[in-house]
Enquirer: 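Starting off with a structure, shown below.
In listed order, ligands and their atoms are each counted from 1.
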Amino acid sequence: MKKIIITVDGPAASGKGKISKYISRKWNYKHLDSGILYRNLAYIFLQNGINLNSTKEIKKIINKKNTISYRKSKKLRTEKISKIASKIAVHQFVRNFINKFQRKFIKSNLKNRHFVIDGRDIGSVVFKNANLKLYIDVSEKNRAKRRYKQLIDNGEKSIYPQILKDIKLRDKKDKARKNSPLVIPKGAFIIDNNSSFRNTSLQINKLIKKI
Ligand code: CDP
């Protein structure tokens with residue numbers, strides 16, 4: 001049976017997760033968060049005290065791994081892990097490992113037929129032939145405000161100006177990297193997620209109805 005894929009890409013704290021979860025519930029799609037894969041790797045590197053400036057050390061760990069988990073947890077959402085994830089995501093061999101895992105996961109998943117996958121390069125690199133591609137657009141300030149609230153709700157100490165600075169830095173890194181930079185995928189629809197969620201969901205549902 002042919003699988004149906006919706007990709008949701010966008011910058012940090014643009015609401016990709018919330019939007020994907022919404023699509024998953026409303027339309028009965030299986031939600032996969034590719035950022036979690038980078039965060040899980042970041043956590044492993046942190047736990048093992050890997051020198052992140054040493055490509056050799058990072059490669060050694062990657063070569064030993066043959067799977068990675070989509071499992072979410074609060075410890076993966078800290079700013080420290082966000083920064084490490086973004087740092088290791090520049091390496092093509094890290095991306096190859098994660099992309100291969102994602103494609104295999106979808107292919108061998110017999111339980112689900114519809115998938116909504118969010119990340120930075122899902123519509124532009126990983127699933128170029130997706131049935132619907134969304135790119136989430138939100139101003140830097142709105143994203144920083146939302147991330148700040150998320151961290152406070154998570155019980156993490158957080159300062160708004162610092163969060164804004166971190167978001168700008170992570171955007172710069174994600175957009176400027178040589179390998180799979182964050183771009184608006186070819187054929188993607190730009191979703192304005194600056195105002196109410198109702199407005200966002202109206203834009204999205206209109207597009208999903210047409211698949
Ligand atoms: O939730 P947030 O948008 O802050 O980040 P995330 O989606 O969990 O991703 C964390 C980091 O992993 C990003 O800053 C990217 O550097 C990297 N990432 C990536 O390069 N490609 C993806 N498909 C997903 C995440």
Enquirer: So for ligand 1, is Asp174 a polar contact partner (N or O within less than 3.5 Å, distance only)?
Expert: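 Yes, since at least one N or O of Asp174 sits under 3.5 Å from an N or O of ligand 1.
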Enquirer: Need the ligand 1 atom indices (1-based, order shown) with element for anything under 4.0 Å from a heavy-atom of Arg147.
Expert: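 The list of qualifying atoms is 1 (O), 2 (P), 4 (O).
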Enquirer: Could you tell me if the side chain of Leu164 sits less than 4.5 Å from the side chain of Tyr148, heavy atoms only?
Expert: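 Side chain of Tyr148 against side chain of Leu164, heavy atoms only: no contact under 4.5 Å found.
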Enquirer: Which residue and non-hydrogen atom of the protein lie closest to atom 5 (O) of ligand 1, and at what distance in Å?
Expert: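 So the nearest neighbour among protein heavy atoms is Arg39 NH2, 3.3 Å.
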Enquirer: Can you tell me the protein heavy atom closest to atom 1 (O) of ligand 1 and the distance?
Expert: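 Closest protein heavy atom to atom 1 (O) of ligand 1: Arg77 NH2, 2.7 Å.
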Enquirer: Could you identify the single nearest non-hydrogen protein atom to atom 7 (O) of ligand 1 and state the distance to 0.1 Å?
Expert: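 Looking only at protein heavy atoms, the one closest to atom 7 (O) of ligand 1 is Arg120 NH1, 3.1 Å.
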Enquirer: With atoms numbered from 1 as shown, which atoms in ligand 1 lie under 4.0 angstrom from a non-hydrogen atom of Ala12?
Expert: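 The atoms of ligand 1 under 4.0 Å from a heavy atom of Ala12 are 3 (O), 4 (O).
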Enquirer: Look at atom 24 (C) of ligand 1 and say which protein heavy atom is nearest, naming residue and atom and giving the distance to 0.1 Å.
Expert: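 That would be Ser34 OG, 3.4 Å.
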Enquirer: Do other residues, nucleotides or ligands put more than 12 heavy atoms under 6.0 Å from the NZ atom of Lys3?
Expert: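 Counting other residues, nucleotides and ligands, NZ of Lys3 exceeds 12 neighbours.
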Enquirer: Considering only the protein, which heavy-atom contact is closest to atom 21 (N) of ligand 1, and what is its distance?
Expert: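 Sorting protein heavy atoms by distance from atom 21 (N) of ligand 1 puts Arg95 NH2, 3.0 Å first.
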Enquirer: Please state which protein non-hydrogen atom is closest to atom 17 (C) of ligand 1 and give its distance, to 0.1 Å?
Expert: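 Atom 17 (C) of ligand 1 sits closest to the protein heavy atom Ala89 CB, 3.9 Å.
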Enquirer: Which one of Ile88, Asn179, Val126, Val125 satisfies the side chain to side chain contact (heavy atoms under 4.5 Å, CB included) criterion with Arg95?
Expert: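 Of the listed options, the one satisfying the test is Asn179.
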Enquirer: Evaluate the side-chain proximity of Phe115 to Asn109: yes if any heavy-atom separation is below 4.5 Å, no if none is.
Expert: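 They are in contact (side-chain heavy atoms under 4.5 Å apart), so the answer is yes.
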Enquirer: Which label fits Tyr70 and Phe101: parallel for a plane angle under 30°, tilted from 30 to 60°, or perpendicular past 60°?
Expert: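 Ring orientation of Tyr70 relative to Phe101: tilted.
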Enquirer: Can you find a heavy atom in the side chain of Asn194 that is under 4.5 Å from one in the side chain of Ser139?
Expert: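 They are in side-chain contact.
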Enquirer: Looking only at protein heavy atoms, identify the closest one to atom 10 (C) of ligand 1 and say how far it is in Å.
Expert: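 Sorting protein heavy atoms by distance from atom 10 (C) of ligand 1 puts Arg170 NH1, 3.8 Å first.
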Enquirer: Should the proximity of Arg177 to ligand 1, defined as any heavy atom under 4.0 Å, be assigned to the side chain, the backbone, both, or neither?
Expert: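 Answer for Arg177: side chain.
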Enquirer: Looking at Phe97, is Lys65 sitting on its ring face, NZ or CZ under 6.0 Å from the six-membered ring centre and within 45 degrees of the normal?
Expert: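 Ring-cation test returns no.
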Enquirer: Evaluate the salt bridge (Lys or Arg N to Asp or Glu O under 4.0 Å) criterion for residues Asp166 and Arg147: first the C-alpha distance (whole Å), next the side-chain angles of each, then the deciding distance (0.1 Å), finally the verdict.
Expert: CA-CA 10 Å; Asp166 287 351; Arg147 176 51 47 98; over 6 Å; no
Enquirer: Going by the order shown, which atoms of ligand 1 are within less than 4.0 Å of some heavy atom of Asp121?
Expert: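 Selected atoms, number and element: 21 (N), 22 (C), 23 (N).
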Enquirer: Using distance alone, with no hydrogens and no angle criterion, decide if Arg39 and Ser82 have a side-chain donor and acceptor under 3.5 Å apart.
Expert: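 Present: a donor and an acceptor within the cut-off.
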Enquirer: Tell me the contacting part of Ala13 for ligand 1: side chain, backbone, both, or neither, using a 4.0 Å heavy-atom threshold, strictly below.
Expert: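 Backbone only; the side chain of Ala13 stays clear of ligand 1.
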Enquirer: Between Ser82 and ligand 1, does any nitrogen or oxygen pair lie at a separation below 3.5 Å?
Expert: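 N/O-N/O distance under 3.5 Å: no.
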Enquirer: Considering only non-hydrogen protein atoms, determine which one is nearest to atom 3 (O) of ligand 1 and report residue, atom name and distance to 0.1 Å.
Expert: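 Going by distance alone, atom 3 (O) of ligand 1 is nearest to Lys16 NZ, 2.7 Å.
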Enquirer: Which residue in the set Asn112, Ile106, Val116, Ile117 passes side chain to side chain contact (heavy atoms under 4.5 Å, CB included) when paired with Lys30?
Expert: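 Going through the options one by one, the only one that passes is Asn112.
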